[in-house]
K.L.:
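Questions regarding the structure given below will be posed in turn.
Counting begins at 1 with the first residue of the sequence. Excluded from the calculations below are hydrogen atoms, water molecules and symmetry mates; all remaining heavy atoms, backbone and side chain alike, are included.
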Amino acid sequence: MKVLAGLILFWLSYLTSADSLRIVSSEFVPHNGQDLPEQGYAIQMLREIFASQQQEVHFEFLPWPRALLQAKEGEAVAVVTIWHSAERAQYLNYPTPLYSNKVMLYHNKQNPVVFTQLDALPVTKLRLGMVRGYSYPEVIEKLPFDRVEVNTDLESLKMLALGRVDLVVCEQQVAEYLLKTELTSYSTIETTGAPLEEKPMYIAFSKAHPQAELLQQKYEQGLQLLKQQKRLELLQPNY
């Protein structure tokens, strides 16, 4: 029996190292995207991390709800560019984060909304542009905004430029990328106020996938190795 158990463990280890990991995500530029160079900053980092452990990886882009469901049910070993939540932690393991990002408010300088603290915002209701289905900081939910929901951050920022909303809440790297690529003519859009929140960005591993625990260990080892070698600094986004 000991020999049989040893053979099974060896075979599982072989499959894990030889087979490509199936990691799912959605379009979330510039962190990841099908048409981005290297498929985005986060995915480039992960390829480097797993390559340092001689582990192939494969990324598949899906609509976000489907990607999350596949990770939950163990159809995918992991899901990438995800924030932590207590609900998701019931079916996902969160290792050391890849990096952190900031959630900011943006305004139009032609119709400025200037403040230092959120409770110092004007008493009158402001129109806030948000993306449908996204999770936002709790502090936003407590304020009396008139919420205007759209399907993408790009749509939200365009509405701000056109004066259809007063503020937009957006992750900083996403907003900066869009302003420098898709919205170059909208130079009046900028951040206002302090960051609402700084959130770690994760690859999260499925608790239902039989190989996830071992692969999470490889991720941790590869991440620490790249940090020691200072190779992560070379992968900073160039937008």
Side-chain angles (χ1 to χ4, degrees), residues 25-33 36 40-42 63-65 67-68 79-89 94 97-204 237 239:
S25 188
S26 63
E27 296 280 335
F28 190 40
V29 296
H31 302 283
N32 41 257
L36 292 173
Y41 172 52
W64 181 244
L68 204 57
V79 58
V80 68
T81 55
I82 185 170
W83 290 334
H84 180 276
S85 75
E87 177 187 355
R88 293 169 181 171
Y94 287 83
L98 282 165
Y99 50 87
S100 294
N101 52 7
K102 296 177 182 178
V103 179
M104 304 288 298
L105 283 172
Y106 288 80
H107 72 159
N108 190 327
K109 290 188 292 184
Q110 294 180 340
N111 185 28
V113 181
V114 180
F115 65 98
T116 53
Q117 300 294 328
L118 280 175
D119 56 12
L121 280 168
V123 176
T124 56
K125 279 191 176 182
L126 296 170
R127 298 166 298 169
L128 178 68
M130 307 174 74
V131 177
R132 191 174 291 108
Y134 277 15
S135 174
Y136 290 103
E138 290 184 9
V139 64
I140 288 292
E141 302 299 331
K142 298 177 181 178
L143 294 173
F145 289 119
D146 285 329
R147 291 162 177 78
V148 181
E149 291 190 339
V150 293
N151 292 322
T152 67
D153 288 302
L154 179 60
E155 291 179 48
S156 189
L157 290 168
K158 281 184 176 179
M159 290 183 67
L160 180 61
L162 295 172
R164 296 174 183 170
V165 293
D166 303 299
L167 291 167
V168 160
V169 57
C170 191
E171 192 271 317
Q172 188 176 28
Q173 290 188 30
V174 171
E176 288 182 4
Y177 177 82
L178 291 173
L179 289 170
K180 292 181 180 179
T181 55
E182 303 288 339
L183 302 168
T184 54
S185 60
Y186 298 148
S187 59
T188 59
I189 298 176
E190 65 177 13
T191 60
T192 181
L196 298 176
E197 195 172 21
E198 185 163 352
K199 298 174 75 74
M201 184 72 82
Y202 293 92
I203 176 175
Y239 57 87

K.L.:
Of Thr192, Val168, Thr191, Leu196, which is the lone residue that meets side-chain contact (heavy atoms from CB on, under 4.5 Å) with Met104?
P.N.:
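Among Thr192, Val168, Thr191, Leu196, the one meeting side-chain contact (heavy atoms from CB on, under 4.5 Å) with Met104 is Thr191.
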K.L.:
Roughly how far apart are Ile140 CD1 and Met130 CE, rounded to 0.5 Å?
P.N.:
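So the CD1 of Ile140 and the CE of Met130 are separated by 6.5 Å.
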K.L.:
Got Tyr136 and Leu128 here, is their nearest side-chain heavy-atom distance under 4.5 Å?
P.N.:
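No, too far: nothing below the 4.5 Å cut-off.
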K.L.:
Are the side chains of Gln173 and Tyr99 in contact, using a 4.5 Å heavy-atom criterion?
P.N.:
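Touching, per the 4.5 Å side-chain cut-off.
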K.L.:
Report the distance from atom OG1 of Thr81 to atom CG of Asn32, rounding to the nearest 0.5 Å.
P.N.:
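So the gap between those two atoms works out to 3.5 Å.
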K.L.:
For residues 148-159, tabulate all N or O donor-acceptor pairs below 3.5 Å that involve a side-chain atom, not counting sequence neighbours.
P.N.:
residue : atom : partner : partner atom : Å
Asn151  : OD1  : Arg132  : NH1          : 2.5
Thr152  : OG1  : Glu155  : N            : 3.1

K.L.:
Closer than 4.0 angstrom, basic N to acidic O: yes or no for Arg127 and Asp146?
P.N.:
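Salt bridge: no.
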K.L.:
Does some side-chain heavy atom of Phe115 sit less than 4.5 Å from a side-chain heavy atom of His107?
P.N.:
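Answer no - side chains too far apart.
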K.L.:
Taking the side chain as every heavy atom from C-beta outward, state whether Leu98 and His31 have any pair of such atoms under 4.5 Å apart.
P.N.:
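Contact flag for Leu98/His31 side chains = no.
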K.L.:
Working to the nearest 0.5 angstrom, can you tell me the gap between Trp83 CH2 and Met201 CE?
P.N.:
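Going from CH2 on Trp83 over to CE on Met201, the span is 6.0 Å.
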K.L.:
Are side-chain heavy atoms of Asp166 and Phe145 found at a separation under 4.5 Å?
P.N.:
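Result no, sub-4.5 Å side-chain heavy-atom pair not found.
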K.L.:
Are the side chains of Phe28 and Ile82 in contact, using a 4.5 Å heavy-atom criterion?
P.N.:
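Answer no - side chains too far apart.
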K.L.:
Which value, rounded to the nearest 0.5 Å, describes the distance between Gln110 atom CD and Leu160 atom CG?
P.N.:
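Gln110 CD to Leu160 CG: 10.0 Å, rounded to 0.5 Å.
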K.L.:
Please give me the minimum heavy-atom distance between Tyr94 and Ser85, naming the atom from each residue.
P.N.:
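In this case the closest contact between Tyr94 and Ser85 is OH-N, 3.8 Å.
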K.L.:
For Lys102, run the side-chain contact (heavy atoms from CB on, under 4.5 Å) check against Lys199, Gln172, Glu171 and tell me which one passes.
P.N.:
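Of all the options given, the one that passes is Gln172.
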K.L.:
Is any side-chain heavy atom of Asn108 closer than 4.5 Å to a side-chain heavy atom of Tyr186?
P.N.:
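Counting from C-beta outward, Asn108 and Tyr186 never come under 4.5 Å.
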K.L.:
Taking Ser25 for its side chain and Val80 for its backbone only, find out whether a donor-acceptor pair lies under 3.5 Å.
P.N.:
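Confirmed, Ser25 side chain pairs with Val80 backbone.
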K.L.:
Indicate yes or no: at least one non-hydrogen side-chain atom of Val174 is less than 4.5 angstrom from one of Pro30.
P.N.:
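The answer is yes; the side chains approach within 4.5 Å.
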K.L.:
Where is the tightest heavy-atom contact between Lys109 and Pro112, given as atom of each residue plus distance?
P.N.:
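Looking at all heavy atoms of both residues, the closest pair is O-CD, 3.3 Å.
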